[in-house]
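Atoms within each ligand, like the ligands themselves, are counted from 1 in listed order. All values reported here derive from a predicted model rather than from experimental measurement.
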Amino acid sequence: MTILLDGKKLSAEIKLEIAAEVKQLIAAGKKVPHLAAVLVGNNGASETYVASKAKNCEEVGFMSSLIRLDEGISETALLGKIDELNSNADIDGFIVQLPLPKHIVVQKIMEAIDPKKDVDGFHPVNAGRLLQNLPCYIPATPYGIMIMLERYKIETAGKHCVIIGRSNIVGMPMSVLMSRNGYPGNCTVTLCHSKTNNLAEVVRSADIVIAALGSPKFVTVDMVKDGAVVIDVGITRIESKDTKSGFKICGDVDFENVAPKCSYISPVPGGVGLMTIVGLLKNTLNAASR
Ligand code: GUN
């Protein structure tokens with residue numbers, strides 16, 4: 001039997017828990033957690049993401065602010081905005097929505113964010129602390145996946161976890177989290193990427209597959225062993241005649257054919273994407289509680 005890792009249901013449950021914690025903070029005379037998002041330009045997908053983040057903040061009782069900046073803003077002016085947010089005591093955490101326009105060096109911007117307010121967990125200080133298992137902000141998607149594995153009580157100790165994709169945002173931190181001495185964790189981890197030889201064979205040996213490469217339906221039924229746990233991180237927008245918007249979101253896993261073979265599988269949409277929001281909300285709550 002295949003169990004669906006239902007991000008919709010789980011995220012709704014956890015958001016209720018966060019909302020209850022916010023009420024407790026307020027009852028104890030603490031301030032309302034406040035998340036700010038910086039959006040440069042008007043990339044369609046980014047607009048959708050920041051709108052969703054604001055809506056979710058509202059649902060749990062957080063304050064949220066959106067700082068919209070012109071596509072042509074200079075790097076210096078953007079760095080000035082970040083300084084302002086770093087020193088604004090009312091804002092507990094903030095994110096700079098990616099991608100940024102090409103004339104801006106992303107790494108410079110990430111390094112300018114105060115690590116204590118870096119609720120995306122992208123600053124090298126947070127990435128380094130994650131590596132050493134020290135308190136830090138875990139990037140929202142890996143954090144959301146860890147919560148999902150934990151809440152579904154999925155066995156991880158001694159398992160072979162194969163991660164496809166080595167991004168700083170998902171694959172790399174996920175490999176660290178799944179290999180650490182804890183739960184979820186204690187896996188033997190293989191991190192696959194574009195230069196991996198015999199990738200299908202490696203994935204076939206996995207007890208847990210985490211697909212995070214951004215290639216629609218890349219993981220096919222012949223690549224998955226019977227009873228595997230499959231986590232799909234892909235969120236590629238593809239054109240579709242079936243939707244009003246003219247596009248739909250497609251995962252990295254050929255869900256229809258792979259699902260019957262799995263013990264657990266996360267769908268797209270309705271899986272990891274919603275848990276990513278939970279990861280961000282939890283980081284913001286931690287930022288406000290410090
Ligand atoms: N763009 C796509 N995903 C993310 C994310 O998690 N954080 C930020 N800042 N930008 C993104």
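- In this structure, Val38 and Lys81 have side chains that are not in contact, with every pair of non-hydrogen atoms separated by 4.5 Å or more.
- Looking at Tyr49 next to ligand 1, no N or O pair under 3.5 Å apart turns up.
- The 12-atom threshold is not exceeded at NZ of Lys23, counting heavy atoms of other residues, nucleotides or ligands nearer than 6.0 Å.
- Of all protein heavy atoms, the one closest to atom 9 (N) of ligand 1 is Asp120 OD2, 2.6 Å.
- Nearest protein heavy-atom neighbour of atom 11 (C) of ligand 1: Gln97 NE2, 3.3 Å.
- Taking every heavy atom of Val96 and a limit of under 4.0 angstrom, the matching atoms of ligand 1 come to 8 (C), 9 (N).
- Residues Lys282 and Ile147 have side chains in contact (heavy-atom distance under 4.5 Å, counting atoms from C-beta outward).
- Contact annotation: the side chain of Asp232 never approaches that of Val272 to less than 4.5 Å [non-hydrogen atoms, C-beta and beyond].
- With distances taken over non-hydrogen atoms, the option nearest atom 10 (N) of ligand 1 out of Ile277, Val119, Leu98 is Leu98.
- Of the polar atoms of Thr276, none of the N or O atoms is found under 3.5 Å from an N or O of ligand 1, judged by distance alone.
- For Asn257, the CG atom is densely surrounded, since the number of other residues' heavy atoms within 6.0 Å is greater than 12.
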